[in-house]
Number of protein chains: 2
Amino acid sequence: MKVSTSTNQSFDPLAGGIFPAACPSRTVLDHVSSKWGVLILVALAQGPQRWSELRRRAQGISEKMLAQTLKTLEGDGFILRDAQPVIPPRVDYSLTSRGSELVALLVPLLEWINVHAEDIVNGQA
Amino acid sequence: MKVSTSTNQSFDPLAGGIFPAACPSRTVLDHVSSKWGVLILVALAQGPQRWSELRRRAQGISEKMLAQTLKTLEGDGFILRDAQPVIPPRVDYSLTSRGSELVALLVPLLEWINVHAEDIVNGQA
DNA sequence: CAGAATCCCATACGATACTG
DNA sequence: CAGTATCGTATGGGATTCTG
């Protein structure tokens with residue numbers, strides 16, 4: 001599959017699958033692009049992490065949203081939940097191989113955003 | 001910049017900028033990952049398009065959301081609005097160079113999702 | 001520590017109608 | 001054609017409290 005990487009103007013491997021209103025692609029896209037999905041995914045790119053670590057990393061996330069986001073991502077097979085039966089409880093979250101594939105595509109995007117964000121919100125060229 | 005593409009485990013060019021709650025990166029990320037942002041951007045990857053074409057492409061979008069999304073993306077400098085003073089009105093939207101950069105990162109992501117979506121929502125490995 | 005449960009609100013979003 | 005205006009709803013998401 002070829003995709004030229006700049007000032008790209010013609011392709012259409014998406015035509016059949018992303019744009020229809022009720023398609024699997026839309027569902028997955030919504031999960032990933034939910035307010036916290038990307039952040040949790042990318043946070044896990046740095047290796048397995050515990051609940052509280054994720055909570056600290058994704059600043060501003062509520063417990064409810066963390067739980068919900070983790071469940072969705074687990075349901076999609078992007079992350080793995082490893083609960084150890086100890087007291088106090090310890091649960092580690094990590095990327096599955098599918099999750100790693102996705103994150104590999106997400107990281108460049110987030111990096112680009114991170115680099116250009118300031119100019120963008122400041123309205124600079 | 002190197003980013004290994006699987007079972008990737010260490011980098012952190014994001015540490016400083018994406019995770020803080022009130023940072024430009026978050027703002028831009030929210031714009032891009034809004035329900036319709038990605039779709040409109042990627043639709044425009046196929047070349048300049050008119051309002052009604054975009055509306056047809058991004059199936060399910062309401063006029064309100066299309067207008068709002070286009071304004072946000074224009075405000076961020078991702079797309080260009082070219083209104084021609086003719087009757088009936090004709091307005092073409094196109095990607096700016098900044099928009100093209102972004103889209104170049106978005107397309108592989110959407111393609112990946114498009115390919116794997118079915119398995120993901122069906123709960124298959 | 002790692003959640004689940006509940007309550008509640010803001011706003012994202014859709015449907016419809018109207019306009020230059 | 002390319003929008004704007006208005007209204008109503010659904011739900012994303014926060015705060016708080018409770019539990020194994």
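Quick note on labels: first sequence line is chain A, next is B, and so on, each numbered from 1.
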Once you round it to whole Å, what is the distance between [atom2] of [N] and [atom1] of [X]?
X	N	atom1	atom2	result
A/Asp30	D/dG12	CG	C1'	12 Å
A/Arg55	C/dC1	CZ	C1'	12 Å
A/His31	D/dT11	NE2	P	13 Å
A/Met65	C/dT6	CE	C1'	13 Å
A/Leu54	C/dA2	CG	P	9 Å
A/Gln68	C/dT6	CD	P	15 Å
A/Leu66	C/dA5	CG	C1'	16 Å
A/Ile61	D/dT16	CD1	C1'	17 Å

[atom1]-[atom2] distance between [X] and [Y], expressed to the nearest 0.5 angstrom:
X	Y	atom1	atom2	value
B/Ser52	B/Arg57	OG	CZ	11.5 Å
B/Leu106	B/Glu111	CG	CD	11.0 Å
A/Leu44	A/Leu95	CG	CG	5.0 Å
A/Ile113	B/Leu105	CD1	CG	8.5 Å

Margin query: Measuring from the side chain of B/Ser62 (C-beta onward, heavy atoms only), which nucleotide among C/dC1, C/dG14, D/dG14 has the closest atom?
Written below: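 Nucleotide nearest to B/Ser62's side chain: C/dG14.
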
Item checked: Which atom of B/Ser33 lies closest to which atom of B/Val38, heavy atoms considered ->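 In this case the closest contact between B/Ser33 and B/Val38 is CA-CG2, 4.2 Å.
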
Between protein and nucleotides 2-9 of chain D, what N or O pairs are separated by less than 3.5 Å?
unit_1 : atom_1 : unit_2  : atom_2 : d
D/dA2  : OP1    : B/Arg50 : NE     : 2.8
D/dA2  : OP1    : B/Arg50 : NH2    : 2.9
D/dA2  : OP1    : B/Val91 : N      : 3.4
D/dA2  : OP2    : B/Ser52 : N      : 3.3
D/dA2  : OP2    : B/Ser52 : OG     : 2.8
D/dG3  : OP1    : B/Arg81 : NH1    : 2.2
D/dG3  : OP2    : B/Tyr93 : OH     : 2.6
D/dG3  : N7     : B/Glu63 : OE1    : 3.3
D/dG3  : O6     : B/Glu63 : OE1    : 3.3
D/dT4  : OP1    : B/Lys71 : NZ     : 3.1
D/dT4  : O4     : B/Glu63 : OE1    : 3.1

Notebook entry, point to check: Are the side chain of B/Arg81 and the backbone N or O of B/Lys71 linked by a donor-acceptor pair below 3.5 Å?
Noted result: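 No: the side chain of B/Arg81 does not pair with the backbone of B/Lys71.
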
